[in-house]
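Okay, structure first, notes after.
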Amino acid sequence: MLDINLIRRDPDRVRRSCERRGIDPSSVDEILRLDEQYRSAQTAVQTLLSQKNAHSATIARADDKAEAAKALRPQLDDLAQQIAAAEERAEMISPQRADSPLRALLENLPNILDSAVPDGKTEEDNVEVRRVGTPRAFDFEVKPHWTIGESLGILDFERAAKLAGSRFGILIGDGARLSRALIDFFLDRARAKSYVEVVPPYLVTRRTMWSTGQLTKFSDAMFCDPEADLFMIPTSEVPLTALHGEEILSIEDLPRRYAAYSPCFRKEAGAAGKDTRGLMRQHQFEKVELVWLTVPESSGDVLDSLTADAEALLSELELSHRVVALCAGEIGFNSAKTYDVEVWIPSEGRYREISSCSNCTDFQARRADIRFRRDPKKKPEFVHTLNGSGLAVGRTLIAILENYQQADGSITIPLALRSYFNGEKIERSST
RNA sequence: GGAGAGGUGGCAGAGCGGUUGAAUGCGGCGGUCUUGAAAACCGUUGAACCUUCACGGGUUCCGUGAGUUCGAAUCUCACCCUCUCCGCCA
């Protein structure tokens, strides 16, 4: 959520940001109009309440309170009427109200883009920042990971469909072990970089989901239990970011780094027909997520080091990758600036997203109410929140299967992973 | 799921329906004292919002939401959460 004060002070900046994202900026004017109305209504209510309180204080001070109350009766009754009327007017547009139009408009404004974000509408307009490693050259025909996995007996999509329908996969034997090895590897590396490991709830309340900006009209539908009103997390960014919701941290608490391995659940309603085969896009996948809470002035640098942390994992796995700066039209609702880390997928002959690192500035912190105090005397300020995958387990698995495939159909395990996997190779016979 | 207890400021813990945003203690901050520190003593110390160029003024907040009242932390109702015991269970 944006700061209403910022919208008042610099509406043009907000409009420009909306336009760059390809979103109609007209709601900014509507917000300004409603906000003006609301504030004058509020002032009216407060003036009347102040008068009423003065009368009550008079009664409280009087020796004969009943008598005093009786004497002030006419004024009090008159005030009560006026207050009720004024309150009704203010209540209509109060942003506190769940169905307030002002609130709805405010909540649906995306974060303000960082000035460094490149213009553009689609993936094509993303700007490559750097490339690391060279895609491996194959002297045989590369196979897609599902073919490799199924013939090795470590991936099973048919039975997954039997159990759960489309967009599910089953990891078996060495496939499951490799996945577990990756999780361990990722978490160990995160720990080495001072991230604190967390096992968060995988189901969260509507409020929590709302607080990190996942529940908006721009969001894809999530799995949920309507009866319990609990939502299955689409990423552990949600519980990790909201961890310190409604808290005021002290400056010594910052920066705060958290890492969580968790399953993630997504309906992928908007992705019909995309990546229908294989592990690329599933209703359930696993991920190690990295989250930072920082002071505002350092979030820019933190985004770089967070991205570097994600990349380092790929470098260590010797997987060729690149970093792209997302263009204005591609950046998520919460984010001011996002780098995607993309890994080389041989069967597609291109790089695919394996981590998305975002600086959400104070946007989520304002919704979730995560603040800090620089000094015991200073006012609390909102922290900045950042998140990135480190990494998506399923997609890393894809990358390993495809990039490390051998002519005989076996898989060589990346060096960095061998001690975790406890082996060097996956072969047909080994399952 | 059944039975009970409880939710007050950073924490602990008071609070006959009336100048209570809230005693007291701890902690925090500032100061006195000290070569320095500790101790002691003094002072100060919640948040959001509205209004003002500013000084300041005002409103709201004691789990949440309604209600009674001129006036509610205090009374009524509903809901939520936490804890204890029982049942079930990985």
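All chains are named by letter (A, B, ...) in the order of the sequence lines, taking the proteins before the strands, and each is independently numbered beginning at 1.
Nucleotides B/C50 and B/A54 place their P atoms 13 Å apart, quoted to the nearest Å. One P atom belongs to B/G30, the other to B/C83, and the distance between them is 38 Å to the nearest Å. Taking the P atom of each, B/C16 and B/U76 are spaced 14 Å apart, rounded to whole Å. The separation of B/G31 from B/G58, taken at their C1' atoms, amounts to 33 Å, rounded to a whole angstrom. Comparing the P positions of B/G21 and B/G57 gives a spacing of 15 Å, expressed to the nearest Å. B/C55 sits 38 Å from B/G63 when the C1' atoms are compared, rounded to a whole Å. Distance noted for atom C1' between B/G25 and B/U64: 30 Å (whole Å). A gap of 14 Å separates the C1' atoms of B/G15 and B/G9, to the nearest Å.
Ring geometry, A/Y420 versus A/F185: the interplanar angle exceeds 60°, so the pair is classed perpendicular (tilted spans 30 to 60°).
What separates NE2 of A/H55 from P of B/G58 is a distance of 15 Å, to the nearest Å. Between the P atom of B/U45 and the CD1 atom of A/I248 lies a distance of 17 Å, rounded to the nearest Å. Spacing between atom CG of A/D64 and atom P of B/C70 amounts to 16 Å, rounded to whole angstrom units. Between A/E247 atom CD and B/A47 atom P the separation is 16 Å, expressed in whole Å. In this structure, the OH atom of A/Y38 is 8 Å from the P atom of B/C50, given to the nearest Å. The interatomic distance linking A/K70 (NZ) with B/C70 (P) rounds to 14 Å, in whole Å. Between the CG atom of A/D253 and the P atom of B/G10 there is a distance of 14 Å, rounded to whole Å.
Of the candidates B/C49, B/U19, B/C70, the closest approach to any side-chain atom of A/A69 belongs to B/C70. Across B/U51, B/U19, B/A47, the shortest atom-to-atom separation from the side chain of A/T43 is found for B/U51.
Remark: A/K379 is not in phosphate contact with B/G46, judged by side-chain N or O atoms under 4.0 Å from OP1 or OP2. Taking 4.0 angstrom as the limit, A/N53 places none of its side-chain polar atoms (N or O) nearer than this to OP1 or OP2 of B/U19. Residue A/R373 places at least one side-chain N or O under 4.0 Å from the OP1 or OP2 atom of B/A47.
Across all strands, A/R39 comes closer than 4.0 Å only to sugar-phosphate atoms, never to a base (heavy-atom distances). Contacts of A/I59 with the nucleic acid, taken as non-hydrogen atoms under 4.0 Å apart, include base atoms. Across all strands shown, A/R366 has no heavy atoms under 4.0 Å from either base or sugar-phosphate atoms. At the heavy-atom level, A/D77 lies nowhere under 4.0 Å from the strands shown. Among the heavy atoms of the strands lying under 4.0 Å from A/R371 are primed sugar atoms or P, OP1, OP2 only; no base atom is included.
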* Please step through ring-ring contact (aromatic ring centres under 6.0 Å, His included) for the pair A/Y202 and A/F265, ending with a clear verdict. => CA-CA 9 Å; A/Y202 304 145; A/F265 306 94; 7.5 Å; no

